[in-house]
Amino acid sequence: MRGGWPLLLLAAALLFPGEARAQRRASGFFSGPLQAGLRGGRDFGNKAWSVGGQVAAPVGRNLELRPSGDLFFPRDDGMGWQVNGDAAIRFGQGGGLYGGAGIAFAHPDDSDTETGYNLFFGLSAAAPAQRTKGFIEFRWTFVDDTSPFRLALGFLYRL
């Protein structure tokens, strides 16, 4: 069985992939795998539908950097956009509940780009080891003395 060790290790990795993945250490600045996904929602203050994407990059045990961007489609005005630089803290053992804040660069319709900030919280009901995670998020963006409420639904996919 001298030549059988590589086959035995390969079989163990195939049979127990979760344990093998858990043994790997994260390297560099990020403490875990990057996630990317899409989201869609409704901005109730501006009466606009939105579609966008985001990335989740874990930096610590419960902290994630979450850059994102959205396009807005109001009923009566032209298309607008918003780019966010957010950070989120995950609560609880599974990290399903989270809250955070960040900077927002909003460009509604044909006006100038304005700077503000975001506050948000959300819930992901997926298990931490699951590759695709759905979420629901409640978000307020404070720009130009307004704070419209937005509800977003989406998913993140572990890369």
Side-chain angles (χ1 to χ4, degrees), residues 4-45 48-73 80-107 113-143 147-159:
W5 285 108
L7 232 63
L8 184 61
L9 291 174
L10 179 61
L14 291 174
L15 292 173
F16 306 107
E19 286 79 358
R21 187 176 331 134
Q23 297 301 319
R24 281 189 249 147
R25 298 233 184 254
S27 61
F29 182 72
F30 301 114
S31 62
L34 294 177
Q35 300 174 72
L38 300 174
R39 66 183 182 194
R42 178 75 175 163
D43 182 330
F44 292 97
W49 292 100
S50 68
V51 63
Q54 73 181 41
V55 173
V59 185
R61 183 176 183 159
N62 292 323
L63 179 65
E64 289 181 340
L65 298 179
R66 292 189 169 202
S68 64
D70 297 283
L71 297 175
F72 291 94
F73 304 96
W81 55 265
Q82 181 174 322
V83 177
N84 307 297
D86 296 327
I89 298 173
R90 296 183 310 252
F91 301 103
Q93 205 163 22
L97 182 63
Y98 62 89
I103 190 166
F105 300 99
H107 187 86
T113 302
E114 300 169 358
T115 304
Y117 64 96
N118 299 308
L119 294 176
F120 60 91
F121 69 93
L123 176 67
S124 173
Q130 204 166 343
R131 192 166 189 96
T132 303
K133 298 178 183 183
F135 66 87
I136 183 169
E137 190 171 278
F138 306 90
R139 174 178 286 268
W140 292 264
T141 300
F142 298 87
V143 174
S147 58
F149 168 69
R150 182 167 28 137
L151 178 65
L153 298 169
F155 72 91
L156 287 171
Y157 180 78
R158 189 177 65 233
L159 303 176

Taking all non-hydrogen atoms of both residues into account, name the closest pair between [X] and [Y] and its distance.
| X | Y | value |
| --- | --- | --- |
| Ser124 | Gly134 | OG-O, 3.0 Å |
| Pro148 | Gly45 | CB-CA, 3.8 Å |
| Pro58 | Pro33 | CD-O, 3.4 Å |
| Ala56 | Glu64 | CB-OE1, 3.8 Å |
| Val143 | Gly116 | CG2-CA, 3.7 Å |
| Ala88 | Tyr98 | CB-CD1, 4.3 Å |

Among Gln82, Arg39, Glu137, find the residue that satisfies the side-chain hydrogen bond (donor to acceptor under 3.5 Å, both in side chains) test when tested with Ser68.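 It is Arg39, the one option of Gln82, Arg39, Glu137 that forms the side-chain hydrogen bond (donor to acceptor under 3.5 Å, both in side chains) with Ser68.
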Distance check, rounded to the nearest 0.5 Å: [X] atom [atom1] versus [Y] atom [atom2]?
| X | Y | atom1 | atom2 | value |
| --- | --- | --- | --- | --- |
| Leu123 | Ile136 | CG | CD1 | 8.0 Å |
| Trp81 | Phe72 | CH2 | CZ | 11.0 Å |
| Phe105 | Thr113 | CZ | OG1 | 9.5 Å |
| Thr132 | Gln35 | OG1 | CD | 9.5 Å |

State, yes or no, whether a side-chain contact exists between Thr115 and Ile103 at a heavy-atom distance under 4.5 Å.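 They are in contact (side-chain heavy atoms under 4.5 Å apart), so the answer is yes.
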State, with a plain yes or no, whether a side-chain heavy atom of Trp140 is found less than 4.5 Å away from one of Tyr117.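 No. Closest side-chain heavy atoms not under 4.5 Å.
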Do other residues, nucleotides or ligands put more than 12 heavy atoms under 6.0 Å from the CG atom of Leu63?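 Atom CG in Leu63 is crowded, with more than 12 foreign heavy atoms closer than 6.0 Å.
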Sub-3.5 Å donor-acceptor pair from the side chain of Ser50 to the main-chain atoms of Leu71, do we have one?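 Checked: no pair found.
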Below 3.5 Å, can you tabulate the donor-acceptor pairs from side chains in residues 150-157 to any protein atom, sequence neighbours excluded?
| from | atom 1 | to | atom 2 | distance (Å) |
| --- | --- | --- | --- | --- |
| Arg150 | NH1 | Asp70 | OD2 | 3.0 |
| Tyr157 | OH | Arg131 | NE | 2.8 |

Going by salt bridge (charged side-chain N to carboxylate O under 4.0 Å, His left out), name the residues that satisfy it together with Asp86, two or more places apart in sequence or in a different chain.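 Listed in chain order: Arg139.
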Within 45 degrees of the ring normal and closer than 6.0 Å to the centroid, is that where the cationic atom of Arg66 sits relative to Phe120?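 Judged by the rule, Arg66 and Phe120 form no cation-pi pair.
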